[in-house]
Amino acid sequence: MTQAPIRQLVTIAIGNLGGHDQAVHTEDVALEADRLAPGRFAWRKYPERIDINVVLQGLGDARRSRYDAHVAGSNVKGWMLTAEGQIWIKCLVTIASSELAGLVSDARGSLIAGQRIESHRLAATEACELFSSGKQEKITRKHFFDFLRINEYFSDRARRRRINLVASSVSGHEALEPLWEHFRSAYGSEFV
């Protein structure tokens, strides 16, 4: 059984359940976390039951800035990974020796699968093609919006969600990281 901190286990659970794209209910997080580390979330007297308070404490810790705020949300609204949480999980996968790397799922709907699909999509955009061929001056705001898959009608919350997903998807990708930096410097006001 893994001895990783509870906050890390619930963060991985959220990633496995698609928390990069949509809010995940606390009870779903509890079930996935218990699957990842059987017994770590159990009641003492009734070990076959999951102690939701342990899960909530772990989620609260994962939300704290002193632990890099890997998750955001609440028991009422559900839980999502922050950009930092997405990058942390992505880094776990690259460190094969990490005991936590084996807990990260790449099944359909998970963070890792979503990032893989997203990075392929981003690499095929017109903005990426223009940037790789040295034609940065031809990249427009429309290219930026197409790259993010947003428009001017997106709410700030929806825009932040897309920016977080794209930021974590380009992290470590040698062709996409420089383009992302170009967008950040050219359209910094769009990053709400």
Side-chain angles (χ1 to χ4, degrees), residues 8 11-24 28-29 32 36 62 68-73 78-98 100-192:
Q8 293 179 346
T11 301
I12 293 169
I14 293 170
N16 288 352
L17 295 170
H20 62 287
D21 196 33
Q22 60 188 351
V24 179
D28 293 327
V29 175
E32 178 66 8
L36 295 174
D68 298 326
H70 288 162
V71 304
W79 302 92
M80 291 190 72
L81 294 171
T82 61
E84 293 81 8
Q86 292 177 39
I87 291 169
W88 178 75
I89 290 175
K90 189 175 186 177
C91 288
L92 282 179
V93 174
T94 62
I95 305 169
S97 62
S98 167
L100 296 176
L103 302 178
V104 178
S105 171
D106 65 349
R108 185 176 182 187
S110 70
L111 168 69
I112 298 302
Q115 285 183 341
R116 186 173 45 249
I117 291 166
E118 188 67 12
S119 63
H120 287 306
R121 183 194 70 78
L122 294 169
T125 61
E126 188 176 356
C128 188
E129 185 179 316
L130 288 169
F131 191 82
S132 345
S133 60
K135 300 176 184 173
Q136 291 89 333
E137 69 284 349
K138 292 190 176 192
I139 297 174
T140 65
R141 184 172 182 250
K142 182 182 179 332
H143 290 116
F144 173 65
F145 277 9
D146 290 346
F147 191 78
L148 283 176
R149 288 176 116 176
I150 63 170
N151 61 41
E152 58 273 5
Y153 303 110
F154 266 54
S155 68
D156 288 346
R157 182 177 178 196
R159 187 178 293 228
R160 274 193 307 275
R161 192 180 285 176
R162 287 296 306 156
I163 288 171
N164 285 346
L165 176 61
V166 171
S168 65
S169 297
V170 302
S171 174
H173 194 289
E174 73 178 50
L176 295 173
E177 269 188 334
L179 174 58
W180 186 243
E181 287 307 313
H182 170 77
F183 280 139
R184 289 189 68 80
S185 64
Y187 302 103
S189 63
E190 299 287 349
F191 290 82
V192 199

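This one's a predicted model, so the numbers in the text were calculated from it and none came from an experiment.
Screening L148, L179, V170 against L122 for a side-chain contact (heavy atoms from CB on, under 4.5 Å) leaves a single residue, V170. A ring pair (Phe, Tyr, Trp, His ring centres under 6.0 Å) with Y187 is found for one member of W180, F144, F145 and no other, namely F144.
Contact between A107 and A113 at its shortest, heavy atoms only, is O-CB, 3.4 Å. Between N164 and A83, the shortest heavy-atom distance links the atoms OD1-CB, 3.4 Å.
Side chains of L17 and S110 form no contact here, defined as non-hydrogen atoms less than 4.5 Å apart. Annotation: side chain of W79 is not in contact with side chain of T11 (no heavy-atom distance under 4.5 Å). Between L165 and R162 the shortest side-chain heavy-atom distance falls below 4.5 Å. In this structure the side chain of K142 reaches within 4.5 angstrom of the side chain of D146, judged on heavy atoms. For the pair L111/N16, no side-chain contact is recorded, criterion being any heavy-atom separation below 4.5 Å from C-beta on. The closest side-chain heavy-atom distance from K135 to E129 is not below 4.5 Å. Side-chain contact check for Q136 versus L130: every heavy-atom pair is 4.5 Å or farther apart. Side-chain atoms of M80 and H20, non-hydrogen and from C-beta on, never get closer than 4.5 Å to each other.
Using cut-offs of 30° and 60° on the angle between ring planes, the pair H70 and W88 is parallel. Taking the six-membered ring where the residue is Trp, F183 and F147 present tilted rings, their angle falling between 30° and 60°.
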Are E118 and S169 close enough, and set up right, to give a side chain to side chain donor-acceptor pair (under 3.5 Å), and what steps lead you there? CA-CA 6 Å; E118 188 67 12; S169 297; 5.6 Å; no
Check the pair H182, I139 against side chain to side chain contact (heavy atoms under 4.5 Å, CB included), reporting the backbone distance first and the verdict last. CA-CA 10 Å; H182 170 77; I139 297 174; 4.2 Å; yes
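Crowding of E174 atom CD: a count of heavy atoms from other residues, nucleotides or ligands under 6.0 Å not exceeding 12.
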